[in-house]
Amino acid sequence: MVKLAPSILSANFAALLEDVLEVEKAGAEYLHVDVMDGHFVPNLTIGPPVVRALRPASSMCFDVHLMIEHPEFYVEQFISAGADLITVHAESSGHLHRTLSLIREKGALAGVALNPATSHVVIEYILPLVDLVLLMTVNPGFGGQKFIPGMLPKIKAVRKMLDDSGSGAELQVDGGINLDTARAVTEAGATILVAGSAVFGGGDIASAVQKLKHAAAGGWAR
Ligand code: DX5
Ligand code: ZN
């Protein structure tokens, strides 16, 4: 069963709690929190106080995607604010092995993310340290971008890598996931779909969540 991780980047920040409660009620398993620092990516978003404020209201898995330089400096703050899963970029962590070990040591699940241009071979030696691999299917920084179809072979390659190594890590895809792309990424082997604008960008949030899950599972979604 494919799981859904709505990204609050596209939610209504003036009514954030309502949006979060609505996706949870509709069946989303993860809450994807996009953290950007204006350096690693050309945009600024939110930090630990937002995670801390939402935490008591929800039992979804709080999935924090750090698009920042020096993610190791902020791991503890996000975990103490209530993050269940912390994902760091291979490109921003000079000592990826150490950062992933730190995340687990401090009590959270550890994820590694790869930008579109980064080959999956860079994660070969740290696979035993990860609970999730996140493949970016757009260049990170903004919601509402178009899915890069050239990422499908990479999703398949990572699926094979995880299976061959006996890793039980989740395979998450992020960027441009909607009713047109959800099935292809699932067929390629993704187990968690991040979706921002496809969930929060239209009118009915609950129906968007259900339709996306249905489409991902191969059903008719329109
Ligand atoms: C992009 C973020 C994504 C983004 C997804 O930098 O990591 O999580 O919010 O948004 P959509 O689903 O609109 O592409
Ligand atoms: Zn993200």
Side-chain angles (χ1 to χ4, degrees), residues 2-13 16 19-20 23 26 28-47 50-51 54 60-69 71 74 78 83-93 108-118 130-152 154-155 170-186 190-203 205 208-209 211-213 215-216 221:
V2 186
K3 287 156 281 186
L4 194 69
S7 162
I8 59 170
L9 187 59
S10 297
N12 175 5
F13 280 11
L16 187 53
D19 280 7
V20 168
V23 292
E29 292 87 352
Y30 293 75
L31 189 72
H32 190 79
V33 180
D34 283 311
V35 178
M36 306 185 186
D37 66 351
H39 292 274
F40 181 66
V41 291
N43 198 2
L44 288 166
T45 57
I46 55 179
V50 175
V51 173
L54 293 172
M60 281 183 286
C61 178
F62 276 28
D63 157 21
V64 174
H65 177 194
L66 295 181
M67 286 161 278
I68 63 176
E69 303 286 358
Y74 300 95
F78 276 102
D84 297 297
L85 159 69
I86 307 244
T87 298
V88 296
H89 272 261
E91 302 87 354
S92 78
S93 214
L109 297 168
V112 63
L114 299 176
N115 284 335
T118 306
V130 300
D131 301 291
L132 175 145
V133 177
L134 186 170
L135 295 181
M136 290 304 310
T137 42
V138 297
N139 288 293
F142 303 93
Q145 302 181 80
K146 205 172 163 313
F147 179 81
I148 302 170
M151 292 298 108
L152 285 170
K154 190 175 173 187
I155 300 168
E170 300 280 359
L171 178 44
Q172 187 179 54
V173 291
D174 184 3
I177 302 301
N178 56 34
L179 293 181
D180 297 323
T181 54
R183 184 59 186 158
V185 296
T186 308
T191 59
I192 306 175
L193 310 188
V194 176
S197 48
V199 168
F200 296 109
I205 292 173
V209 166
K211 283 181 177 169
L212 270 169
K213 290 191 113 186

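In each ligand, atom 1 is the first atom listed, and ligand 1 is the first ligand listed.
If you number the atoms of ligand 1 from 1 as listed, the ones under 4.0 Å from a heavy atom of Val194 come out as 8 (O). Heavy-atom contacts of Met36 reach the following atoms of ligand 1: 6 (O) (cutoff under 4.0 Å). Listed by atom number, the atoms of ligand 1 under 4.0 Å from Leu9 heavy atoms are 9 (O). Every atom of ligand 1 is numbered from 1 in the order shown, and the set under 4.0 Å from a heavy atom of His32 is 8 (O). Atoms of ligand 1 found under 4.0 Å from any heavy atom of Gly141 (numbered from 1 in listed order, with element): 1 (C), 6 (O). The Met67 neighbourhood of ligand 1 comprises atoms 6 (O), 7 (O), with distances under 4.0 Å to a heavy atom of that residue. Taking a cut-off of under 4.0 Å to the non-hydrogen atoms of His65, the atoms of ligand 1 that pass are 7 (O). Near Ala195, meaning under 4.0 Å from one of its heavy atoms, ligand 1 places the atoms 12 (O).
Nearest protein neighbour of atom 1 (C) of ligand 1, counting heavy atoms only, is Phe142 O, 3.6 Å. Closest to atom 9 (O) of ligand 1 among all protein heavy atoms lies Asp34 OD2, 3.0 Å. Closest to atom 14 (O) of ligand 1 among all protein heavy atoms lies Gly176 N, 2.8 Å. Counting only heavy atoms of the protein, atom 5 (C) of ligand 1 lies nearest to Asp174 OD1, 3.5 Å. The protein heavy-atom contact nearest to atom 13 (O) of ligand 1 is Ser197 OG, 2.5 Å. Closest to atom 12 (O) of ligand 1 among all protein heavy atoms lies Gly196 N, 2.7 Å. Of the protein's non-hydrogen atoms, Gly143 CA, 3.6 Å is the one closest to atom 10 (O) of ligand 1.
Between the side chains of Asn178 and Thr181, at least one donor-acceptor pair of N or O atoms lies under 3.5 Å. For Ser7 and Asp34, the side-chain atoms include at least one donor-acceptor pair closer than 3.5 Å. Between the side chains of Thr191 and Glu170, a donor-acceptor pair is found at a separation under 3.5 Å.
Remark: side-chain polar atoms of Thr137 are not paired, donor with acceptor, to backbone N or O of Val173 under 3.5 angstrom. Gln145 places no side-chain N or O within 3.5 Å of a backbone atom of Gly176 that could act as its donor or acceptor partner. Checking side-chain atoms of Ser93 against main-chain N and O of His89 turns up no donor-acceptor pair under 3.5 Å. When atom types are taken as modelled, the side chain of Lys154 and the backbone of Thr118 share a donor-acceptor pair closer than 3.5 angstrom. Between the Asn43 side chain and the Gly141 main chain, a donor and an acceptor come within less than 3.5 Å of each other.
Under 4.0 angstrom from ligand 1, the non-hydrogen atoms of Pro140 come from both its backbone and its side chain.
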With side-chain contact (heavy atoms from CB on, under 4.5 Å) as the test, would you mind laying out the steps for Val35 and Tyr74 before giving the verdict?
CA-CA 11 Å; Val35 178; Tyr74 300 95; over 6 Å; no
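Counting heavy atoms from C-beta on, the side chains of Glu91 and Phe40 come closer than 4.5 Å. With contacts defined as side-chain heavy-atom distances shorter than 4.5 Å, the pair Val138/Lys146 does not qualify.
Here the angle at the Zn ion (ligand 2) defined by OD1 in Asp34 and OD2 in Asp174 stands at 170°, rounded to 10 degrees.
The minimum distance between the Zn ion (ligand 2) and any N, O or S atom of His65 involves atom ND1.
Every N/O-N/O distance between Asn139 and ligand 1 stays at or above 3.5 Å. Considering both main-chain and side-chain atoms, Gly144 comes within under 3.5 Å of ligand 1 through a nitrogen or oxygen pair.
Under the side-chain contact (heavy atoms from CB on, under 4.5 Å) test applied with Leu85, the options Leu134, Asp63, Leu31, Ile192 reduce to a single match, Asp63.
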